[in-house]
Amino acid sequence: MQPMNIPDQYLPCKEVLMTYANGSARKVYYSDWEVPYPEGLLIVSRTDLHGVITHANNAFVELSGYSRDELIGASHYVLRHPDMPKRVFADLWQTIHAGETWYGYVKNLRKDGAYYWVYATVVPNVRNGAVVGYTSVRRQPARARIEEVVSVYRDWVTEERAAR
Amino acid sequence: MKLKIVISPDFGRERGIDWDLLAALMRRRNTDVELLAPANLREYENAISTGGIDVVLANPIDAIALVRCDGFIPFARPTRLHDEMLISSAATSPIRTIIDLRPGCRIALTTDRFVEVIGMRLLEPAGLDNSSVQHIYCETSVAASDLVVSGSAEIAFFAAESYSALPLSTRRRLNPLVKSEIGDLSHLLLCHPQRALDLADIRDKFVELAAVDMEAASAIRTLGLEIGFTPLTRDAAEDMLDLAQALLVPSATFAEL
């Protein structure tokens with residue numbers, strides 16, 4: 001996916017080949033341009049058991065930079081930013097597979113290579129006693145809390161790359 | 001058929017909805033309706049807990065416990081009416097954005113739990129939570145706006161429709177800071193579990209309300225319900241409740257996670 005709409009000072013975008021737990025890989029472009037999270041917006045999406053997006057509200061479409069048609073049917077990992085440690089997502093999947101709700105701070109990658117921070121809540125959708133999918137709600141985090149997270153995530157990513 | 005219906009006090013209160021008109025429309029469909037429109041949360045909870053009710057129109061936050069703990073069955077929602085809320089300071093206030101707010105902030109609000117929950121989530125970017133703000137509960141949105149205008153509260157929480165229904169002269173003395181943009185939440189009609197066998201009939205009474213005739217459709221619009229009620233599947237209702245549940249929990253610090 002090619003970058004677009006990035007201010008000149010943040011170009012050229014960096015590129016990296018990202019690999020995912022399901023064995024797939026894709027090249028992503030990313031920049032240091034942070035898109036401010038619009039006040040009042042609550043992002044809502046639902047996925048199936050494999051993380052494939054089945055619902056996206058307007059806020060999700062607006063902030064991700066993807067069209068609704070592009071999001072529905074895509075894997076949620078299209079939002080995954082290279083600066084996010086794999087262990088965060090491993091914890092997410094372990095938590096929701098156990099039927100529990102997961103909370104965390106996530107740096108999301110937009111289609112155009114920019115990023116935005118969210119506080120995410122992921123709830124298992126339990127129907128007739130079985131988990132049939134997941135609802136994810138993302139909201140604007142306090143800047144102070146993002147600052148707490150950035151250095152920790154940076155250290156974790158460094159450790160993960162060193163361990164490869 | 002006889003139905004005792006309880007309407008959440010946060011629904012249409014500021015618009016002065018004529019619930020007797022809804023009851024009259026239902027009676028034209030051979031439904032003997034007793035309609036309760038409690039003035040506040042305490043009366044609403046009493047009406048539900050004292051029993052004998054058949055249908056509740058509840059906001060999605062209150063509906064979580066009614067459906068998942070008390071066994072109420074969701075079956076319809078007001079058509080095209082989504083629940084949103086708005087936070088406002090006074091027009092003369094130096095507070096122009098949410099992040100201008102500081103600990104100790106006084107919030108004027110009604111006892112509408114949906115508005116309170118969503119409002120508190122929207123204050124999180126300022127690092128505020130229940131422990132760092134002061135809630136001042138009011139009987140009406142007009143009273144809440146008066147507190148902000150007089151400087152007795154820094155901000156007020158409003159249901160979006162309540163804010164729109166404030167007199168223009170009042171709105172001119174307010175400065176909206178933020179309005180929620182969720183789009184996926186609305187009030188739900190819930191059937192008491194003891195009426196489960198009548199669920200299909202009860203759903204039809206509501207969903208076909210506006211289809212009686214042109215006069216009924218017009219009357220429905222004057223209720224602020226646009227075109228009445230839309231049937232809701234159990235799965236769609238559970239999706240809404242999952243979302244509402246996710247919003248109940250305040251954000252945690254990284255150390256708390």
Side-chain angles (χ1 to χ4, degrees), chain A residues 36-47 54-63 88 91-92 95-96 100-106 117-128 131-153 156, chain B residues 60 64 67-68 82-88 96-103 117-129 132 157 160 176-185 233-257:
Chain A
Y37 195 110
E39 287 188 336
L41 224 56
L42 289 169
I43 297 174
V44 181
S45 61
R46 283 194 294 278
T47 72
T54 56
H55 170 80
N57 73 346
N58 290 337
F60 189 17
V61 172
E62 177 184 335
L63 204 48
V88 172
D91 179 59
L92 185 162
T95 303
I96 61 178
E100 295 170 5
T101 300
W102 183 88
Y103 309 92
Y105 293 88
V106 180
W117 278 98
V118 298
Y119 181 76
T121 304
V122 184
V123 182
N125 303 135
V126 181
R127 307 287 180 262
N128 300 314
V131 177
V132 298
Y134 305 101
T135 294
S136 173
V137 183
R138 278 90 76 194
R139 52 194 204 242
Q140 184 182 7
R143 178 52 58 179
R145 293 192 173 175
I146 296 172
E147 301 306 332
E148 292 170 4
V149 167
V150 168
S151 60
V152 177
Y153 282 5
W156 286 355
Chain B
I64 296 170
V67 172
R68 294 183 170 171
H82 291 110
D83 289 333
E84 303 288 357
M85 67 82 60
L86 182 145
I87 302 174
S88 180
R96 310 312 285 177
T97 72
I98 291 297
I99 58 173
D100 291 336
L101 294 166
R102 296 288 175 265
V117 166
I118 303 302
M120 289 310 299
R121 297 298 83 82
L122 296 186
L123 294 190
E124 287 176 351
L128 299 177
D129 58 23
S132 55
F157 287 177
L177 300 176
V178 64
K179 182 184 173 198
S180 69
E181 294 182 51
I182 310 168
D184 281 1
L185 291 176
T233 64
R234 182 65 192 238
D235 277 354
E238 291 290 349
D239 287 344
M240 208 187 293
L241 298 180
D242 281 340
L243 167 55
Q245 185 107 40
L247 291 168
L248 272 183
V249 184
S251 67
T253 64
F254 181 68
E256 291 167 339
L257 291 170

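Below, read A as the first sequence line, B as the second, and so on, with proteins coming before strands; counting in each chain starts at 1.
- Looking at B:Leu241, there are no atoms closer than 4.5 Å to chain A (heavy atoms on both sides), in backbone or side chain.
- Counting heavy-atom pairs under 4.5 Å between each of A:Arg143, A:Glu39, A:His55, A:Arg139 and chain B puts A:Arg139 at the top.
- The shortest heavy-atom contact between B:Leu257 and A:Gly104 is CD1-CA, 3.8 Å.
- Formation of a donor-acceptor pair under 3.5 Å by the A:Asn57 side chain with backbone atoms of B:Gly183 is not found in this model.
- Counting only N and O atoms by type, the side chains of B:Thr253 and A:Arg145 include no donor and acceptor under 3.5 Å apart.
- Between A:Tyr153 and B:Phe254, the ring planes are perpendicular. Angles over 60° get that label, and only those under 30° would be called parallel.
- Checked by atom type and distance alone, the side chain of B:Arg121 never pairs as donor or acceptor with a backbone atom of A:Gly40 at under 3.5 Å.
- Not one N or O on the side chain of A:Tyr37 forms a donor-acceptor pair closer than 3.5 Å with the backbone of B:Pro125.
- Of the two parts of B:Ile182, the backbone and the side chain both hold a non-hydrogen atom closer than 4.5 Å to a non-hydrogen atom of chain A.
- Defined by atom type and a distance below 3.5 Å, a donor-acceptor pair is present between the side-chain atoms of A:Asn125 and B:Asp242.
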After noting the C-alpha distance and the side-chain angles of A:Arg127 and B:Asp239, does the key distance pass the side-chain contact (heavy atoms from CB on, under 4.5 Å) rule?
-> CA-CA 10 Å; A:Arg127 307 287 180 262; B:Asp239 287 344; 2.7 Å; yes
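- Taking chain A as the reference chain and counting heavy-atom pairs below 4.5 Å, the highest number among B:Ala252, B:Ala255, B:Gly127 is found for B:Ala252.
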